[in-house]
There are 2 protein chains.
Amino acid sequence: MAVTLKNIADKVGKSVPTVSRALAGFEDISPKTRDYVQAVAKEMGYVPNNFARKLQSQKADAVGLILPGAENLRFSDPFFGLLLSGIIEKTSAAGMDLSISAANEEDELDVYMEHIKSQRVDGFIIVRTHRKDKRIELLRKNKFPFVSFGRMEEDNNFNFVDEDGNWGIEQVVDHLVGLGHTKLGCIAEPLLFTKSFFRVQGFMNGLKKHGLKFADENLVVTNFRQRSGREAALRLLDLQEPPTAIVALNDLLAIGAIQAAHERGLTVGRDVSITGFDDIVLAEMANPGLTTLHQPAHKMGTLVAENLLKQIKNEPIDQSQIVLKPTLVVRDSTGKPV
Amino acid sequence: MAVTLKNIADKVGKSVPTVSRALAGFEDISPKTRDYVQAVAKEMGYVPNNFARKLQSQKADAVGLILPGAENLRFSDPFFGLLLSGIIEKTSAAGMDLSISAANEEDELDVYMEHIKSQRVDGFIIVRTHRKDKRIELLRKNKFPFVSFGRMEEDNNFNFVDEDGNWGIEQVVDHLVGLGHTKLGCIAEPLLFTKSFFRVQGFMNGLKKHGLKFADENLVVTNFRQRSGREAALRLLDLQEPPTAIVALNDLLAIGAIQAAHERGLTVGRDVSITGFDDIVLAEMANPGLTTLHQPAHKMGTLVAENLLKQIKNEPIDQSQIVLKPTLVVRDSTGKPV
DNA sequence: AATATATTCTAAAACGTTTTAGATGTCAAA
DNA sequence: TTTGACATCTAAAACGTTTTAGAATATATT
């Protein structure tokens, strides 16, 4: 079927190793033989068998990405799509495979171990980090290369790329307080995730910084879906003393919140201000345009991949821990309180 | 480093093949030996070497997905994310690797051939089909397993999962004409893509069916981005005789069009009607809610993957060519013309 | 002319698995 | 007590590659 070194060897009347070394351009093969072998190989359409080569080299030339939550795996999040594009761009360009699979919570760690032991990947990319992340602890213990997108709450001596969510949300609070708001609400994703935890921390820090008091009822913790954003916002808006500004901790939640405001007959940006996080493509298109924190999703993907590839190849890494500050983009969903 | 059959063989005092066959549960190994071997293997944490096994079996147990357009690979399209989720769900559950990479136009076909010859995948998933698709022709010629998401314009004797875009857009036209619209505009993606071509065909068919005439200026062909949707819509709205309804051929374009309408001071759903295609999560959240055609993106991904997996395993396939009709979801972006 | 030195090649082993063909021993039947 | 059948195992080969160690030949040096 496929052309092998043996086929070429037979054709050129040399041994298999000679052919192998000729193709690899070793010095101990005469130029004449080398050129001949290469010509014949090309003519026969030779491509090395992937697995034979990998068995021999003991390198997988592959990066693993195991998505958490196999049971209901549905990423419609444009942010993740862009992150993934960045990762694929880099791994592809480096001739590395990106092997994507999914695992559910129960056997997640087993899946990681199997990947390691069967030597099918040289490293992992971790996404959606938890404040205390078992995957990270496992890989670190096994000294297996990985880069995570996101940190843990503490004990972060490993390679990662992350946003500065804390700082970012503080900017948002500054912006809102600057406009004159003093009653702020917040809609958060589950606090189990570091990302959410830090963003909430930023919210708290921001309040404190401006001498504002925090009431429990002003923080609604829910999940990722925009539907939840709507519900959470309704809850905030229906409070005795509703906040005049709602800090949603991602854009989908924010868009849900905008919808809720509309349902209550409020004009967003005037009667109530709403902010998001991520600046997904639709933040700009929302009505009104969403004030949010922009993140270079694609770029972040490339950084994660580059970092991991260097780690695998034992190349020096200029920055093994990267924290990117998001940039505030002010649109029409925020304004002075009435 | 990793535990091998040899390690186990040494430990139990049997030969390597015996261990191999014991673990695989062959009949010619005594129950006693079998159990012992299995116990030892488990205790030692044995996991078969992926590449050795694949070299021997001559199967890759992997599915390839080569994304077109490596040069500017940025998928923020939630639809694609969901499709991918469906694919990953099925391949993962079947213990198959999903190997994702990217290739640019020039060497796309070479990348496919290399994947085939190096035997790194057992089959391909093709996305974003062209009316005349070189990838499909290549794979078909080489009798290599694949399933495409989308058809070609003709000559479709291969396995695919596709939408009925033609039929879908006809429903949209029916809906608009039913509301009283007679001047319809259309914003399309490049016609090179089968998807776009069929959707436009549906638009034309719809007009003809209702005895409406088509003017060239009412069709704007642009690209995928929502920004383009805005620009295209501005062009339509600024015509001498602007259409009262704009059929955008995907949701992102539609949302761009809504923005354009707002810019021109028009109330969408009253002054101008706008429709989309796909029903991405934000269609519902848009303001006003977008009338569009719903597609089960995740489900489609699972169908594509299931079909390919069966093909690879030579299992019977109940339906090797699937065309799903989208369902019209009427929201507030469409209404009677003024 | 003998020795050292390059140059160019190959045999053998290795990576870790599975398959094929056959060896060895046991037991029952003739 | 031989034969055949069965149960249990192993040696050898295979998958296709690369590496290691060394062979063979030609060339240069003394």
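Chain letters run A, B, ... following the sequence lines, proteins first, then strands; residues in each count from 1.
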[X] side chain N/O closer than 4.0 Å to the phosphate oxygens (OP1, OP2) of [N]?
| X | N | value |
| --- | --- | --- |
| A/Arg53 | D/dG16 | no |
| A/Lys14 | C/dC9 | yes |
| A/Thr18 | C/dT10 | yes |
| B/Gln119 | D/dC15 | no |
| A/Gln56 | C/dA13 | no |
| B/Arg21 | C/dT18 | no |
| B/Thr4 | C/dG16 | no |

Nearest-Å distance, [atom1] ([X]) to [atom2] ([N])?
| X | N | atom1 | atom2 | result |
| --- | --- | --- | --- | --- |
| B/Lys6 | C/dG16 | NZ | C1' | 11 Å |
| B/Arg120 | D/dG16 | CZ | P | 16 Å |
| A/Leu5 | C/dC15 | CG | P | 19 Å |
| B/Asn49 | D/dT17 | CG | C1' | 14 Å |
| B/Lys117 | D/dT17 | NZ | P | 13 Å |
| A/Asn7 | D/dC15 | CG | P | 10 Å |
| A/Phe51 | C/dT18 | CZ | C1' | 16 Å |
| B/Asn50 | C/dC15 | CG | C1' | 14 Å |

- Checking all strands, does B/Pro48 fall into the base, sugar-phosphate, or nothing category for heavy-atom contacts under 4.0 angstrom? sugar-phosphate
- Message: Please determine whether salt bridge (Lys or Arg N to Asp or Glu O under 4.0 Å) holds for the pair B/Glu114 and B/Arg120, giving the CA-CA distance in whole Å, both sets of side-chain angles, and the decisive distance to 0.1 Å.
- Response: CA-CA 9 Å; B/Glu114 276 186 17; B/Arg120 67 178 67 213; over 6 Å; no
Side-chain donor or acceptor of [X] paired with backbone N/O of [Y] under 3.5 Å:
| X | Y | result |
| --- | --- | --- |
| A/Thr129 | A/Thr194 | no |
| B/Glu163 | B/Val323 | no |
| B/Lys54 | B/Ala60 | yes |

- Query: Under 30°, 30 to 60°, or over 60°: which ring-plane class applies to A/Phe124 and A/Phe144, parallel, tilted or perpendicular?
  - Reply: tilted
- Query: Measuring from B/Asn307:CG to B/Ile322:CD1, what's the distance to the nearest 0.5 Å?
  - Reply: 6.0 Å
- Item | Nearest-neighbour nucleotide for the B/Gln58 side chain, D/dT17, D/dG16, D/dT10 considered | D/dG16
- Note on the structure: Regarding the side chain of A/Ser15, the nearest nucleotide among C/dT10, C/dT19, D/dT18 is C/dT10
- Starting from the 5' end of DNA chain C, give me the residue, A/Val16 or B/Leu55, whose nearest nucleotide shows up first. A/Val16
- Message: I need the residues from residues 24-43 of chain B with at least one non-hydrogen atom less than 4.0 Å from DNA chain D; give them sorted by number, or say none.
- Response: B/Asp28, B/Ile29, B/Ser30, B/Thr33
- Query: Are B/Arg140 and B/Phe158 in a cation-pi contact, defined as NZ or CZ under 6.0 Å from the six-membered ring centre and within 45° of the axis?
  - Reply: no
- Task: Dump the intermediate steps for side-chain contact (heavy atoms from CB on, under 4.5 Å) on B/Thr302 and B/Lys90, then the final yes or no.
- Result: CA-CA 6 Å; B/Thr302 65; B/Lys90 286 299 172 189; 3.8 Å; yes
- Query: Starting at the 5' end of DNA chain D, which residue's closest nucleotide do you reach first, A/Ser57 or B/Ser57?
  - Reply: B/Ser57
